[in-house]
Amino acid sequence: MKRIILTYNESCNLSCDFCYINFHHKKIKDRTYEIIKKAISLDFKVITFGGGDPFSKSSFRKSCILAKENGLFTQVDTNCLAITKSDYNFIENYVNLIGISLDGIGNTHDNMRKSNKLFSKAESVLRTLMKSNTKIKINTILTKQNKDSVYDIYRYLSELDSIYSWSIYQFFPLSVAKENQEIFEICNEDFDNALTFLNKEERKFIIEKLKYSDRVIGYVFCDEQGNIYTNSLKGDYMYICSIFDPDVAEKLSKFNELINPITINRYVE
Ligand code: SF4
């Protein structure tokens with residue numbers, strides 16, 4: 001196992017209705033820095049910092065620096081809201097791949113994420129990062145609500161330079177996202193139809209279309225307390241162990257056979 005996804009399960013600075021992280025909103029000890037030390041000793045090669053938004057967490061930047069300085073590939077997914085001017089230098093130096101959420105253009109994105117002016121913020125971050133050497137990945141959650149906006153996103157990205165890749169994820173009714181399944185769920189056929197136009201278009205960047213059946217089982221998450229878990233195709237989370245367990249390496253090696261080969265070595269060079 002080479003890749004681990006760190007999720008901040010305490011809270012996020014947004015409250016997207018399609019989010020599948022079950023935020024508990026309890027005051028807990030954030031052990032992210034120790035988790036990175038442990039991930040280094042366990043020989044993980046790739047760390048993804050995911051939501052709740054890493055830039056809104058005080059433990060994130062120093063933990064990302066530790067990972068990068070110890071040779072891990074660092075990927076960071078963000079909604080951009082908490083990125084400040086001083087972060088651009090940090091990103092250029094310590095983030096190999098930054099994933100920016102974009103579920104539509106203008107108001108469509110703001111409405112999807114329930115945040116006014118979020119699109120303007122994402123655009124400003126994008127345009128600033130394009131002047132650096134940072135690889136930029138765009139993350140789109142494709143749902144029933146924004147399926148007609150996907151062409152607008154494609155056009156928008158095509159006019160920008162320096163987009164490295166665009167990952168389009170089918171809405172996955174996982175955990176708390178099940179509550180809003182009727183609003184957001186998009187069937188395989190509609191997902192494919194919404195993206196058919198891409199077959200005819202020139203591609204200036206890598207495009208990944210990810211159905212949720214491709215995504216599970218396969219993601220190994222670790223929350224900021226060190227709990228390692230994954231998810232089933234039925235949309236439930238499954239606890240595996242703590243990253244601080246003395247026999248964590250053995251437990252993870254047994255788990256290897258369950259991991260989706262599509263995801264196990266993603267980003268490992
Ligand atoms: S920004 Fe991401 S992590 Fe935060 S609520 Fe929205 S989908 Fe969830």
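All values reported here derive from a predicted model rather than from experimental measurement. By convention here, the first residue in the shown sequence is residue 1.
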Review point. Is the side chain of Glu224 donor-acceptor paired with the backbone N or O of Glu10 at a distance under 3.5 Å, no angle test?
Key: yes
Practice item. Test Cys12 against Asn79 for side chain to side chain contact (heavy atoms under 4.5 Å, CB included), laying out the working first. Key: CA-CA 10 Å; Cys12 184; Asn79 59 36; 4.1 Å; yes
**Study point:** Salt-bridge present (Arg127, Glu123; N to O < 4.0 Å)
**Key:** yes
Practice item. Search all heavy atoms of Ala194 against all heavy atoms of Leu142 and return the closest pair with its distance. Key: CB-CD2, 4.1 Å
Practice item. Could you tell me which non-hydrogen atom of Lys121 sits nearest to which non-hydrogen atom of Leu81, and how far apart they are? Key: NZ-O, 3.0 Å
Point to revise | Close aromatic pair by centroid cut-off 6.0 Å: Tyr20 and Tyr212 | key: no
Study note, to complete from the structure: Between His109 and Leu118, the two heavy atoms sitting closest are NE2-CD2, 3.6 Å
**Study point:** Exercise: identify the closest heavy-atom pair between Thr108 and Asp103
**Key:** CG2-O, 4.2 Å
Revision key, fill the gap. Shortest non-hydrogen pair, Val95 vs Cys64, comes out as CG2-SG, 4.2 Å
**Study point:** Asn133 atom CG, over 12 foreign heavy atoms within 6.0 Å
**Key:** no
Point to revise | Residues, nucleotides or ligands: over 12 heavy atoms within 6.0 Å of Lys144 NZ | key: yes
Point to revise | CG-CG distance between Asp192 and Leu198, expressed to the nearest 0.5 angstrom | key: 11.0 Å
Review point. Any donor-acceptor pair under 3.5 Å linking the side chain of Asn111 with the backbone of Asn107?
Key: yes
Check your understanding: So does Glu179 have more than 12 non-hydrogen atoms from other groups sitting under 6.0 Å from CD?
Key -> no
**Study point:** Flag, side chain of Ser242 to backbone of Phe244, donor-acceptor distance under 3.5 Å
**Key:** yes
Point to revise | Aromatic ring proximity Tyr154/Phe197, centre distance under 6.0 Å | key: yes
Review point. Would a distance-only check, ignoring hydrogens and angles, find a side-chain to backbone donor-acceptor pair under 3.5 Å from Asp223 to Thr7?
Key: no
Point to revise | Contacts of type side chain to side chain contact (heavy atoms under 4.5 Å, CB included), residue Gln145, not counting sequence neighbours | key: Met112, Thr143, Ile183, Phe184
Revision key, fill the gap. Heavy-atom closest pair (Ala177 atom, Phe18 atom, distance to 0.1 Å) is CB-O, 3.6 Å
Exercise for review: Show your reasoning for whether side chain to side chain contact (heavy atoms under 4.5 Å, CB included) applies to Thr32 and Lys57.
Suggested key: CA-CA 10 Å; Thr32 302; Lys57 307 293 175 183; over 6 Å; no
Review point. Hey, does the side chain of Lys135 reach the backbone of Asn96 with a donor-acceptor pair shorter than 3.5 angstrom?
Key: no
**Study point:** ILVMFWY cluster, Tyr229 and Val176 together (side-chain gap under 4.5 Å)
**Key:** no
Exercise for review: Indicate, with yes or no, if Phe90 and Leu6 share a hydrophobic cluster defined by side-chain heavy-atom contacts under 4.5 Å among Ile, Leu, Val, Met, Phe, Trp and Tyr.
Suggested key: yes
Review point. Can we say Lys85 and Asp87 salt-bridge, meaning some charged N sits less than 4.0 Å from an Asp/Glu carboxylate O?
Key: no
Exercise for review: Determine, step by step, whether Asp245 and Lys251 satisfy the side chain to side chain contact (heavy atoms under 4.5 Å, CB included) criterion, reporting the C-alpha distance in whole Å, the side-chain angles of both residues, the deciding distance to 0.1 Å, and the verdict.
Suggested key: CA-CA 9 Å; Asp245 286 349; Lys251 285 175 176 158; 3.0 Å; yes
Review point. Any donor and acceptor pair, going by atom type alone, linking the side chain of Asn180 with main-chain N or O of Asp17 inside 3.5 Å?
Key: yes
Review point. With the 4.5 Å side-chain cut-off for hydrophobic clustering, are Leu126 and Leu14 part of the same group?
Key: no
